[in-house]
Protein chains: 2
Amino acid sequence: MMNIKASPLTQKLSAFVALSETELAVLERLHQRRKSFSAGRDLVHQGQSEQAAYILAAGWVVSYKIQADGTRQIVDFQIPGDFLGLRSVLLHTSDHGIEPIVEIEAAEVLGSDLLQAFAETPRLATAILWAVSRDEAMVVEHLVGLGRRDADARMAHFLLELGVRLSLVGMGSRQGYACPLTQYHLADALGLSAIHVNRVLRKLREGGLVTFQSGLVTFDDYEGLVALADFDPAYLDQSRPLLP
Amino acid sequence: MMNIKASPLTQKLSAFVALSETELAVLERLHQRRKSFSAGRDLVHQGQSEQAAYILAAGWVVSYKIQADGTRQIVDFQIPGDFLGLRSVLLHTSDHGIEPIVEIEAAEVLGSDLLQAFAETPRLATAILWAVSRDEAMVVEHLVGLGRRDADARMAHFLLELGVRLSLVGMGSRQGYACPLTQYHLADALGLSAIHVNRVLRKLREGGLVTFQSGLVTFDDYEGLVALADFDPAYLDQSRPLLP
DNA sequence: CGATCACTTGATGAGTCTCAACGTGGGTGG
DNA sequence: CCACCCACGTTGAGACTCATCAAGTGATCG
């Protein structure tokens, strides 16, 4: 391997399919057109008609929707190894905004790049399709949380899911992880007020379950948190390879 | 055209792309392996590993997730012209259940059928990809509703969205539509208790906005409802063709 | 060194849930 | 054919979760 360290996307896909040398090479080629973007400036505006998608290489990104009354609902966070704006490319328009939370690094991917890569290595296409389907499953799980979990379970579930996702790209463990999100981010993602988020975090911390402080998430009682959240990582694991 | 009436899927896709004779023929061929299923018996169980997908031809279907504590969250309803279990096929497992609400008619579609159809008519592939992306956009909008809309707006938005979807397949209009859902269905979809659903419906009815009664949804004041729900059908319209 | 941002805490109230009834129609079995 | 039952709908009272308003802290930064 050329690189000292594989890209997060490679790492993630490798956890699920054994990729050949060729496939790895094609994957790395997709990472060529590297760009960086600074925090806070929208990558994609809600309503914009957009052309390119990106593979996130470093940093955190948030996808959100703003309503007419000004409230914001965060649909998902993206972490290294995730795709950005894939649906915007397909629909040739974006119904949501995409904003870097910190300074990020991302590789621009054109529709044509993707097509070509798929033509060369169909297995890779399948692997990426898997990744996209998994994203969809995460959105569904998020929806379930908003509809049928109370604030505590919602928070617990969210922090656990993020932990699993980060672990897949080597940025987290059962101990915890670094997390640049503010309590306002959590509020907008979980459909709560920032004030209530604060109280929930305090409760979880004082209950000895998890600590969210100064950019660090620490799991104090992983099992307890799993129980509280009714967390079943099946929809993320997907360790059963779907390739023939 | 052979058929007196085009299938709902054909109707839906036609609203967005002008399909050639060939494409129409391929589309009709996908509807060959027709089956019917009775209400209440799961088509796909949560946790099952499933092989086939379906195109819904007649009837209503619900996709849901059951939690450990027994509460149910409905992710989406499918109406004629919608795909069922496409993601289950891709992931080779199902993280959610699929249940017919009434007696339904559906055409079984194997992965191989789909691949072959796509090989014959790439434009059709694009059209179907559009339909799938639109479904995704609907789930996202549903998520936003759960997170950031109060019960009244949630209900209003839901009834309006369903109206637009049904209109696309000729089963509804600005006047209203037939709807076999119970108040319990609404409750599980909107993250409310059935009791509160009842109250909300009464409020909307007495406010002269919309009537949900005995299997019939009637829009009494469409504009008023749109205003209450902050409903923007942009994510459904997609009238801008994405084909070259 | 004032400003701003992220966080924190308390008090109050709205929105929604839960529990507990009761109504009503269509189906089923005796 | 009647009596019953069950699913669905309706209504009221009280409790609880979470939002809102108000205020204040401590860091970071131009």
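Within every chain, numbering begins at 1; the chains are lettered A, B, ... in the order of the sequence lines, protein sequences first and strands thereafter. Fair warning: this is a prediction, and the values are worked out from it, not measured in the lab. All heavy atoms count here, side chains included; hydrogens, waters and symmetry mates do not.
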Restricting to salt bridge (Lys or Arg N to Asp or Glu O under 4.0 Å), what partner residues turn up for [X], sequence neighbours left out?
X	answer
B/Glu223	B/Arg174
A/Arg154	none
A/Glu105	A/Arg34

Covered region of DNA chain C, 5' end to 3' end, by chain B [heavy atoms, under 4.0 Å]:
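Contact boundaries, 5' end first: C/dT16 to C/dA20.
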Residues two or more places apart in sequence or in another chain: which of them pass ring-ring contact (aromatic ring centres under 6.0 Å, His included) with [X]?
X	result
A/Tyr64	none
A/Phe231	A/His157
A/Phe83	none

Positions of residues 145-156 of chain A (non-hydrogen atom under 4.0 Å from DNA chain D), listed by number
A/Asp150, A/Ala151
For DNA chain D, which residues in residues 176-202 of chain A have a heavy atom at a distance below 4.0 Å?
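Of all residues in residues 176-202 of chain A, the ones placing a heavy atom under 4.0 Å from DNA chain D are A/Gly191, A/Leu192, A/Ser193, A/Ile195, A/His196, A/Arg199.
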Produce a footprint string for nucleotides 25-30 of chain D: one letter per nucleotide, 5' end first; B if the base is under 4.0 Å from any protein heavy atom, S if only the sugar-phosphate is, - if neither.
------
Solution key, residues 195-205 of chain A side-chain donor-acceptor pairs under 3.5 Å, sequence neighbours excluded:
from	atom 1	to	atom 2	distance (Å)
A/Asn198	ND2	A/Gln183	OE1	3.1
A/Lys203	NZ	A/Asp152	OD2	2.5

Which residue pairs satisfy the salt bridge (charged side-chain N to carboxylate O under 4.0 Å, His left out) criterion with at least one member in residues 35-45 of chain B, sequence neighbours excluded?
B/Lys35-B/Glu108
